[in-house]
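Note that ligands are numbered from 1 as they come in the structure, with each ligand's atoms numbered from 1 the same way.
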Amino acid sequence: MSNTNTDSGSNAETSQESAPVITVDGPSGSGKGTISQILATKLGYHLLDSGALYRLTALSVLKNDIDTNDIEAVAKAALELDVVFEPQIDGEQKVLLNGQDVGVELRLDETSEMASKVAAIPEVRDALLIRQKKFRQSPGLVADGRDMGTVVFPDAKHKVFLTASPEVRAERRHKQLIEKGVDANISHLLKGIIERDERDRTRTVAPLVPAEGAFVVDSSTISIDEVVQQIFDFIGFSE
Ligand SMILES: Nc1ncnc2c1ncn2[C@@H]1O[C@H](COP(=O)(O)OP(=O)(O)OP(=O)(O)O)[C@@H](O)[C@H]1O
Ligand SMILES: Nc1ccn([C@H]2C[C@H](O)[C@@H](COP(=O)(O)O)O2)c(=O)n1
């Protein structure tokens with residue numbers, strides 16, 4: 001399903017308001033991206049990787065040397081992001097910022113750190129809110145992030161909260177990075193995960209908490225296929 005993310009008149013608005021949404025929230029490295037991509041592909045739904053929008057804002061701040069104390073400038077960077085998500089055949093998304101593929105830069109440590117900081121700024125979250133809502137289009141949307149079920153799509157049809165222990169998440173992230181040929185250290189990754197969890201959970205605006213009524217899945221000891229199956233059972237979908 002292509003992610004057109006357009007906003008062209010009243011039909012588009014109707015489609016936005018009524019299209020079903022499945023939200024998948026959870027901490028860093030819990031598998032949200034992987035699981036959301038599989039759900040979206042199998043259901044033929046659009047996909048919103050909201051973390052990418054915070055990472056893109058961070059990248060824009062870093063590239064343009066914006067002072068993070070200058071809230072207005074950081075919020076402007078978020079509002080004016082020139083970004084295109086290009087769905088690929090394998091379900092992955094190519095992310096273009098100002099026409100340039102920034103897939104690798106988005107995942108660098110420096111970007112993750114900055115993303116976590118800009119995400120705590122209420123003006124940045126406000127700037128990205130409407131952009132996120134526009135992803136809601138027929139036939140449906142799978143939205144991955146921290147506040148999809150609590151703030152962005154509170155009326156979502158199904159809400160999932162995915163989690164796993166910090167140690168398991170660090171191990172999985174380590175494996176993922178090594179497979180990509182990126183040098184990584186497990187204890188450094190674990191420290192970063194614990195620090196970001198703390199920042200995401202304790203910030204005053206849109207903190208990371210399970211939405212009311214969310215189906216909570218702890219994937220620490222279960223496979224990706226088992227997580228997908230549990231979610232399909234929850235939403236009542238059979239392949
Ligand atoms: N249940 C699972 N069993 C084994 N590996 C898993 C499982 N779920 C996810 N993974 C692996 O963990 C790694 C991190 O997953 P993913 O990138 O989807 O997490 P995320 O929550 O989207 O992270 P972030 O918030 O940082 O974007 C990936 O390599 C993924 O394949
Ligand atoms: N809805 C969201 C999505 C992401 N964030 C924050 C959390 C992380 O610090 C950063 C990058 O997210 P990731 O790509 O790791 O999922 O953005 C958020 O606050 N709200």
Would you check whether [X] has a nitrogen or oxygen atom less than 3.5 angstrom from a nitrogen or oxygen atom of ligand 2?
X: Arg196; answer: no
X: Gln132; answer: no
X: Asp144; answer: no
X: Ser28; answer: no
X: Arg203; answer: yes
X: Ser112; answer: no

Please list, in number order, the atoms of ligand 1 under 4.0 Å from a heavy atom of [X].
X: Arg146; answer: 25 (O)
X: Arg55; answer: 26 (O)
X: Arg173; answer: 14 (C), 17 (O), 23 (O), 24 (P), 26 (O)
X: Pro27; answer: 21 (O)
X: Ile222; answer: 1 (N), 2 (C), 3 (N)
X: Gly33; answer: 18 (O), 20 (P), 22 (O)
X: Ser223; answer: 1 (N)
X: Thr34; answer: 15 (O), 16 (P), 18 (O), 30 (C), 31 (O)

Hey, which atoms in ligand 2 end up nearer than 4.0 Å to a heavy atom of [X]?
X: Ser116; answer: 9 (O)
X: Asp147; answer: 1 (N), 2 (C), 20 (N)
X: Met148; answer: 1 (N)
X: Ala119; answer: 6 (C), 19 (O)
X: Arg107; answer: 14 (O)

Report summary line: Within the 4.0 Å heavy-atom cut-off, what Gln37 brings close to ligand 1 is neither
Query raised in the report: Side chain or backbone of Lys180 under 4.0 Å from ligand 1, or both, or neither, by non-hydrogen atoms?
Result: neither
For [atom], find the nearest protein heavy atom and state the residue, atom name and distance (0.1 Å precision).
atom: atom 21 (O) of ligand 1; value: Lys32 NZ, 2.8 Å
atom: atom 10 (N) of ligand 1; value: Arg172 CD, 3.7 Å
atom: atom 28 (C) of ligand 1; value: Gln176 NE2, 3.5 Å
atom: atom 10 (C) of ligand 2; value: Ala115 CB, 3.8 Å
atom: atom 9 (C) of ligand 1; value: Gly31 CA, 3.6 Å
atom: atom 15 (O) of ligand 2; value: Arg55 NH2, 2.9 Å
atom: atom 17 (O) of ligand 2; value: Tyr54 CB, 3.4 Å
atom: atom 3 (C) of ligand 2; value: Ser50 OG, 3.4 Å
atom: atom 20 (N) of ligand 2; value: Arg125 NH2, 2.9 Å
atom: atom 16 (O) of ligand 2; value: Arg146 NH1, 2.8 Å

Report task. Look at the side-chain heavy atoms of Ile, Leu, Val, Met, Phe, Trp and Tyr, link any pair under 4.5 Å apart, and say whether Ile222 and Val160 land in one connected group. Result -> yes
Requested in this report: Could you state whether Leu189 and Met114 fall into the same hydrophobic cluster, counting links through intermediate Ile, Leu, Val, Met, Phe, Trp or Tyr residues with side-chain heavy atoms under 4.5 angstrom apart?
Outcome: no
Requested in this report: Could you tell me whether Val227 and ligand 1 have an N or O pair separated by under 3.5 Å?
Outcome: no
Query raised in the report: Can an N or O of Ser30 be found at a distance shorter than 3.5 Å from an N or O of ligand 1?
Result: yes
Backbone of [Y] reached by a side-chain donor or acceptor of [X] within 3.5 Å:
X: Asp147; Y: Thr150; value: no
X: Arg203; Y: Ala206; value: yes
X: Asp90; Y: Glu92; value: yes
X: Gln88; Y: Glu86; value: yes
X: Arg136; Y: Leu141; value: no
X: Asp25; Y: Met148; value: yes
X: Ser116; Y: Ser112; value: no
X: Thr57; Y: Leu53; value: yes

Would you check whether [X] reaches within less than 4.0 Å of ligand 1, judged by its heavy atoms?
X: Arg107; answer: yes
X: Gly29; answer: yes
X: Ser28; answer: yes

Would you name the heavy atoms of [X] and [Y] that are closest together and state the gap between them?
X: Ser219; Y: Ala164; result: OG-CB, 3.7 Å
X: Gly33; Y: Asp144; result: CA-OD2, 3.4 Å
X: Gly44; Y: Pro139; result: O-CG, 3.4 Å

Requested in this report: Have a look at ligand 2 and work out which part of Asp25, if any, has a heavy atom under 4.0 Å from it: side chain, backbone, both or neither.
Outcome: neither
Query raised in the report: With a 3.5 Å cut-off and no angle check, do the side chains of Arg169 and Ser28 form a donor-acceptor pair?
Result: no
Report task. Examine the side chains of Ser223 and Asp225 and answer whether a donor and an acceptor come within less than 3.5 Å of each other. Result -> no
Query - Chi angles and distances behind the salt bridge (Lys or Arg N to Asp or Glu O under 4.0 Å) call for Glu212, Lys159 - result: CA-CA 8 Å; Glu212 209 184 313; Lys159 300 181 183 184; over 6 Å; no
Solution key, residues 227-238 side-chain donor-acceptor pairs under 3.5 Å, sequence neighbours excluded:
from	atom 1	to	atom 2	distance (Å)
Gln229	NE2	Asp233	OD1	2.9

Requested in this report: May I ask you to decide whether Lys191 forms a salt bridge with Glu195, counting only side-chain N to carboxylate O separations under 4.0 Å?
Outcome: yes
Requested in this report: Side-chain contact test, heavy atoms from C-beta onward, threshold under 4.5 Å: evaluate it for Lys32 versus Arg146 and give yes or no.
Outcome: yes
Requested in this report: Assess whether atom CD of Glu167 is packed by more than 12 heavy atoms of other residues, nucleotides or ligands within 6.0 Å.
Outcome: yes
Query - contact_flag Arg199 ligand 2 heavy-atom lt 4.0 Å - result: no
**Report entry** Worked verdict on Glu72 versus Lys76 for salt bridge (Lys or Arg N to Asp or Glu O under 4.0 Å)
**Finding:** CA-CA 6 Å; Glu72 211 178 305; Lys76 189 166 179 277; over 6 Å; no
